[in-house]
J.: 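This structure is in structure tokens; I'll ask about it shortly.
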There are 2 protein chains.
Amino acid sequence: MTGSVTLHDVARRAGVSLATASRALNGSANRVVGEELRERVLRAAAELRYSPNAHAQAMARGRTNIVGLSLHDIADPYFSAVAAGVMREAEAHGLLVTMASTERRPGAETDYVGAFRRHWASVVIVVGSRTDDRAATEQLAEELAAFEAEGGRAVAVSQPRLPVDTISIDNHAGARDLGHALHDLGHRRFAVLAGPTELLTATERVAGFREALTRHGGRLAPEHVVPGPFTRDGGYAAMRELLDRDPDVSCVFAVNDVMAVGAMAALRDRGIDPPTGMAIAGFDDIATLRDVNPGLTTVRIPLEEIGALAVRLALDDGVARPRVHRVAGEVVLRASTPRLSPPR
Amino acid sequence: MTGSVTLHDVARRAGVSLATASRALNGSANRVVGEELRERVLRAAAELRYSPNAHAQAMARGRTNIVGLSLHDIADPYFSAVAAGVMREAEAHGLLVTMASTERRPGAETDYVGAFRRHWASVVIVVGSRTDDRAATEQLAEELAAFEAEGGRAVAVSQPRLPVDTISIDNHAGARDLGHALHDLGHRRFAVLAGPTELLTATERVAGFREALTRHGGRLAPEHVVPGPFTRDGGYAAMRELLDRDPDVSCVFAVNDVMAVGAMAALRDRGIDPPTGMAIAGFDDIATLRDVNPGLTTVRIPLEEIGALAVRLALDDGVARPRVHRVAGEVVLRASTPRLSPPR
DNA sequence: CCTCCTTGGGAAAGCGCTTACCGGGACGGT
DNA sequence: ACCGTCCCGGTAAGCGCTTTCCCAAGGAGG
């Protein structure tokens, strides 16, 4: 970068020293700059279209206003909703968001947190479910600890085992409530499109759902739990697999909405028309998918709010850390899971 | 940030000078560091878990590996698809993406480009349709020019009037092709949910569609062109408005997919069941919406590819700028626009 | 045996900014 | 009239790194 205007130029043009120029522009604390001089400096800065060098400021001040955000895949509406919340709140606090999309590559989170450390981010937010990859989690934990030791603030979403402030979605309760609701509607022959077995988010949802069924004396046979990626295609493939295993299922719980939509497509390709041939429910209540037809029963998670909350947690001062924050979901019944037995 | 390990510490531990330490770590060009020393330095760095300070490097080198990305709303799947492309390509080049979501606030783009300038971003990408706000566009143009004058590279997506490399979607041709295709299917009584009248992206799509109808001797009456925001709710409201104005329309073109989905919801709320009561088409081919029911006829735009392309354009060396890149769309017919008259 | 070149290490000058610290003038109290 | 006390400018010391310039040592060539 050449030719940028520096504070030195501004000071010279205003006929003052660097120190005065800096103080005039920052309105430095416990120090007053004479009205006339400040005026002169501001004018000079405006005339020269001066814009301060963020790196020099970072060096001199020893801190930045950068938020580092790491997530699995920005194209996934789940993560982009969280990101939107982070960015909205960050903007409100004058923070700039640097974002990394790990594409679920193992170790990428740690690498990116390292990059954020190099940039002296003041906040780092890691969102994405914990995996059962012990070593990777361990490394990430270390990196985050190092980051906080340097004075940064980290918040993890859906990774409860990390040594930092944590926001957890109450997947178990949400799925359990959903299970009860579906049972109340009269559904009985359940199956689950279970998502990736190594992700806590997925397994918790399966477990919660299972608990509800058990409570009602039902059970979830192993062949009725079909794993697969957290994607549309994952849902599609899992649904086909399920139909092959047992065509007699009548209500499917896909552990996220994106999979549920893929599953609906699979049903139609097999000539089954939801919800008539098969009831189906999802999880997350992705905004973009609220208008699929039939309307998808799901568990609403306040994703944007979670993103915003992450920023606020990071910015809290004078509190003991790490803290744990739980966010509850809320069952939303729609047309994809009609009432089976007429209500009494 | 306190306590971070500096190069100085590494040098001391390795028993060499700062210069040597730096050279050993960077493998500096046209300079060789003795094998033994390099080894010692690398070991010391590893032992101390040294991580270089990005700001200091930026200062000393006079450049960074930051990409600044400004878009309207990261929660909108259109923009998150482009962002995904940008991030994928950026990662491939070792660049870090700093992102700003302007929420369509006028002037925000300019502010953020200013922020990217302060951070000496090496690349700035601005995505979002040009508005007819003369003054805002002018200011953005100035800011981008200043950025490039300082040695940065800027690329604008869907803002053809800016003095930088530009990627334009061929909205006109896409919408025209769609119009022809719908006509070929036998549709005749058309209306358009036109999106925001101040956005070029919207007006071009309307114009292209109109051209196709005109070519076939049809026309688009003013009451059949309903403006509104580029959102789900915008589509919903516009559809209701349209039904109030003229319930006899039989095929609606919503100028983006998100609106089309909102429009479908509005139809159902009025007891109309698409595509039977009303054919409907969108634009963009948003991935998340590919499984709505009925499948939405649309014009596929390679959004991710556009994001990736933006990064590549910015990184091109030794080419004359600014360049203009056009990206074509492709009509995708699905169930939402059935054939009306039996084919002959 | 001397000179010239090559190889590789160190000292130090910045990059642009903030912020102690210092110092001179004005003011008021005694 | 003198001495603290503010007020408000300037001087300069970093922040952590890269890179130029300088220099010592060793080898090759005359």
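First the proteins, then the strands, lettered A, B, ... as listed; each starts at 1. Given the structure is predicted, the values throughout are model-derived calculations rather than measurements.
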J.: Taking the nucleotide of DNA chain C with the closest heavy atom to each, which residue, B:Glu35 or B:Ala56, is nearer the 5' end?
T.: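 First, find each residue's nearest nucleotide; the 5'-ward one identifies B:Glu35.
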
J.: Can a side chain N or O of B:Thr6 be found less than 4.0 Å away from OP1 or OP2 on D:dG16?
T.: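 The answer is no; no side-chain N or O of B:Thr6 sits under 4.0 Å from OP1 or OP2.
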
J.: Rounded to the Å, how far apart are A:His8 NE2 and C:dC15 P?
T.: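 One finds 10 Å between P of C:dC15 and NE2 of A:His8, rounded.
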
J.: Please report, rounded to the nearest Å, how far the C1' atom of C:dG16 is from the CD atom of B:Glu150.
T.: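 Going from CD in B:Glu150 over to C1' in C:dG16 covers 13 Å.
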
J.: Would you say a side-chain N or O of B:Ser17 is under 4.0 Å from OP1 or OP2 of C:dG9?
T.: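 For B:Ser17, the contact criterion (side-chain N or O under 4.0 Å from OP1 or OP2 of C:dG9) is not met.
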
J.: Using atom NE2 of A:His119 as one end and atom C1' of D:dG16 as the other, report the distance to the nearest whole Å.
T.: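 It works out to 14 Å between those atoms.
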
J.: Can B:Glu198 and B:Arg104 be counted as an ion pair, charged N to O under 4.0 angstrom?
T.: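 Not counted as a salt bridge, because no side-chain N and carboxylate O are separated by less than 4.0 Å.
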
J.: Send over the distance from B:Gln57 CD to D:dT18 P, rounded to a whole Å.
T.: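 Value for this atom pair: 5 Å.
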
J.: Taking C-beta and beyond as the side chain, do A:Tyr50 and A:Leu7 meet within less than 4.5 Å on heavy atoms?
T.: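 With C-beta onward as the side chain, the pair touches.
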
J.: Using a cut-off of strictly less than 4.0 Å, decide whether B:Asn53 has a side-chain nitrogen or oxygen near OP1 or OP2 of D:dC15.
T.: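 It does not, given that no N or O in the side chain of B:Asn53 lies less than 4.0 Å from OP1 or OP2 of D:dC15.
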
J.: Distance only, no hydrogens: is a donor on one side chain within 3.5 Å (strictly under) of an acceptor on the other, for A:Thr64 and A:Ser122?
T.: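 A:Thr64 vs A:Ser122: no donor-acceptor pair found between side chains.
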
J.: Quick one: B:Met59 CE to D:dT18 P, roughly how many Å, whole number?
T.: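 Nearest whole value for this atom pair: 13 Å.
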
J.: Does one side chain, of B:Glu143 or B:Tyr112, offer a donor that lies under 3.5 Å from an acceptor on the other?
T.: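 The criterion, which ignores hydrogens and geometry beyond distance, is not satisfied for B:Tyr112 and B:Glu143.
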
J.: In whole angstrom, give the distance that lies between atom CZ of B:Arg61 and atom P of D:dT20.
T.: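 Interatomic distance, CZ of B:Arg61 to P of D:dT20: 13 Å.
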
J.: For A:Gly15 and B:Leu7, take the nucleotide of DNA chain D holding the closest heavy atom to each; which residue's nucleotide lies nearer the 5' end?
T.: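 On the 5' side of the pair lies A:Gly15.
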
J.: Go through the N and O atoms of the side chain of A:Arg63 and the base of C:dT18, and report whether any donor-acceptor pair is under 3.5 Å.
T.: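 Check fails, no donor-acceptor contact within cut-off.
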
J.: Would you say A:Arg49 has more than 12 foreign heavy atoms packed within less than 6.0 Å of its CZ?
T.: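 Incorrect, the count does not exceed 12.
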
J.: Looking at A:Arg23 and D:dG10, is any side-chain donor or acceptor paired with a base atom of the opposite kind under 3.5 Å?
T.: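 It does, because a donor-acceptor pair links the side chain of A:Arg23 to the base of D:dG10 below 3.5 Å.
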
J.: Classify the ring geometry of B:His55 against A:His55: parallel below 30°, tilted from 30° to 60°, perpendicular beyond 60°.
T.: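 Taking A:His55 first and then B:His55, their aromatic rings sit tilted (interplane angle of 30° to 60°).
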
J.: How close do A:Gln159 and A:Gly128 get, counting heavy atoms only, and between which atoms?
T.: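 Taking A:Gln159 first and A:Gly128 second, the nearest heavy atoms are CG-O, 2.8 Å.
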
J.: Estimate the overall bend of the helix from C:dC1-D:dG30 to C:dT30-D:dA1 from the end axes over five pairs each, rounded to 10 degrees.
T.: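 About 50° separates the two local helix axes.
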
J.: Which of residues 40-51 of chain B sit near DNA chain D, with a heavy atom under 4.0 Å from it?
T.: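 Those residues whose heavy atoms fall under 4.0 Å from DNA chain D, taken from residues 40-51 of chain B in numerical order, are B:Tyr50.
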
J.: With the side chain of A:Thr20 defined as its heavy atoms from C-beta on, choose the nearest nucleotide among C:dG16, D:dG10, D:dT19.
T.: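 Of all the options, the side chain of A:Thr20 is nearest to D:dG10.
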
J.: Could you report the tightest heavy-atom contact between A:Val16 and A:Ala21, atom names first, then the distance?
T.: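 Shortest heavy-atom separation between A:Val16 and A:Ala21 comes out as CG2-N, 4.1 Å.
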
J.: Rounding to a whole Å, what distance do you find between A:Leu18:CG and D:dT11:C1'?
T.: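 Rounded to the whole Å, the gap is 10 Å.
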
J.: Which salt bridge (charged side-chain N to carboxylate O under 4.0 Å, His left out) pairs, counting each pair once, include a residue from residues 153-163 of chain B, with sequence neighbours left out?
T.: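 Sorted result for residues 153-163 of chain B: B:Arg153-B:Asp317.
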
J.: Please determine if A:Glu39 and A:Arg43 form a salt bridge, counting it only when a charged side-chain N lies under 4.0 Å from a carboxylate O.
T.: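 Result for this pair is no, no salt bridge flagged.
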
J.: What's the CG-P distance between A:Leu25 and C:dT19, to the nearest Å?
T.: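 To the nearest whole Å, that distance equals 13 Å.
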
